[in-house]
Amino acid sequence: MQNWRNYYEILGLTKESSTESIKKAYRRLARQYHPDLNPGNKVAEEKFKDLSEAYEVLSDPNKRAQYDEFSRFLGKKGFKGRAAVRPPSWNSRSNPFAAGSSREPQSSSNFSEYANFDSFVDELLGRRETRTAGVGVGTTTTTSDRDAFQPRSSKTAYTIPARPNPRDVEARLTLPLEKAYTGGRERIRLEDGRSLEVTMPTGMVTGQRIRLRGQGMNGGDLYLKITVAPHGFFKVEGADIYCVLPISPCEAVLGGAVEVPTLDGLVKMTLPPGVGPGKRLRLANKGYPTGDGKRGDQLVEIVISVPKQVTDQERELYEKLRQIETFKPRQDLLL
């Protein structure tokens with residue numbers, strides 16, 4: 001018969017499966033093929049429709065019994081359906097499956113009244129028929145989303161509930177500075193329980209919104225609002241990175257090369273001799289990306305860190321230095 005669908009095979013079950021097994025199979029497969037999780041995938045969309053139809057029939061004991069009886073009727077030798085026969089009337093008095101019907105369900109002897117499998121399922125599920133008159137003299141023609149029209153045959157159209165309108169949603173995502181700087185693949189978990197793997201751009205800043213197409217409600221878009229967490233050493237100032245670098249008194253007096261942390265790792269920077277606290281030195285092109293392929297600078301502010309404890313040898317040397325040094329830091333103070 002035309003358009004026959006084995007609902008047990010669609011759900012990966014057998015005719016002996018329990019109602020609970022049917023529910024579990026449907027929930028598992030519905031999550032896999034749901035249109036919201038497969039945007040633009042027509043194969044998954046059709047699979048989801050078949051799963052929903054199979055579950056609607058097999059989860060109801062009465063509908064399941066009618067379906068099983070119909071399938072046994074199809075197995076009779078020589079039965080191919082009667083394509084020229086129009087399905088029975090759809091009003092509640094004549095529909096054997098309609099709620100509140102006083103008639104007994106149709107027996108297998110009347111199954112030949114159905115033109116095809118779809119007409120049987122339409123009546124079983126109570127789908128609404130729409131008719132279009134005037135196709136030919138004495139002809140009433142209807143349309144169907146599963147069958148193509150065949151001459152001298154009737155077709156049934158049923159109205160599928162409209163899918164909810166797509167809706168954009170916004171979610172907040174807080175990232176460490178290093179991750180915001182490098183970007184790349186990031187797995188995030190949303191409030192609705194979904195886990196997504198997202199490719200992040202480089203150089204993200206607080207307040208930036210990243211659009212994920214089709215990941216919102218009912219096929220809408222998801223917008224991630226970025227917050228860059230404060231860092232213990234670096235501070236972003238526009239396109240520049242600011243940091244404070246402690247040095248020893250000896251390094252301040254003598255100068256020389258020191259290692260400075262950057263977002264790219266340690267780099268060497270040369271201190272000028274006699275550098276004082278508060279002095280800002282510049283590391284060119286070690287700042288934050290500007291979005292046009294360029295980068296800002298890293299500004300390094302010097303602070304002189306004095307040891308709280310010294311060894312006996314260090315104390316002895318400091319004593320000798322104090323005796324011989326000529327630097328008088330307070331000689332210009334007004335007394």
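The structure displayed is predicted, hence computed values, not measured ones.
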Within the side chain of [X], is there an N or O that forms a donor-acceptor pair under 3.5 Å with the backbone of [Y]?
X      : Y      : result
Tyr288 : Met204 : yes
Asp240 : Gly287 : no
Ser17  : Leu13  : no
Thr206 : Val228 : yes
Gln208 : Val205 : yes
Asn41  : Ala44  : yes
Gln215 : Leu212 : no
Glu9   : Asn6   : no

From CG (Leu29) to CG (Leu51), nearest 0.5 Å:
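Nearest 0.5 Å value for the CG-CG distance: 5.5 Å.
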
Measure up the Phe70 and Phe117 rings against each other and bin them: parallel (under 30°), tilted (30 to 60°), perpendicular (over 60°).
tilted

Please work out whether the ring planes of Tyr67 and Tyr8 are parallel, tilted or perpendicular, with thresholds of 30° and 60°.
tilted

Cationic N near anionic O, under 4.0 Å, [X] to [Y]:
X      : Y      : result
Glu301 : Lys279 : no
Lys268 : Glu259 : no
Lys49  : Glu46  : yes

May I ask you to check whether over 12 heavy atoms, not counting those of [X], lie within 6.0 Å of atom [atom1]?
X      : atom1 : answer
Lys23  : NZ    : no
Arg322 : CZ    : no
Glu20  : CD    : yes

Examine Leu281 and Leu263 and state if one hydrophobic cluster contains both, with Ile, Leu, Val, Met, Phe, Trp and Tyr joined whenever side-chain heavy atoms are less than 4.5 Å apart.
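Result: no, two separate clusters.
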
If you group Ile, Leu, Val, Met, Phe, Trp and Tyr by side-chain heavy-atom gaps below 4.5 Å, do Val300 and Ile247 land in one group?
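Yes; Ile247 is reachable from Val300 via cluster members.
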
Is the distance from the ring center of Tyr26 to that of Tyr55 below 6.0 Å?
yes

Do the non-hydrogen side-chain atoms of Gln298 and Cys243 ever get within less than 4.5 Å of each other?
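They are in side-chain contact.
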
Between Tyr7 and Asp68, do the side chains contain a donor N or O and an acceptor N or O under 3.5 Å apart?
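Asp68 vs Tyr7: no donor-acceptor pair found between side chains.
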
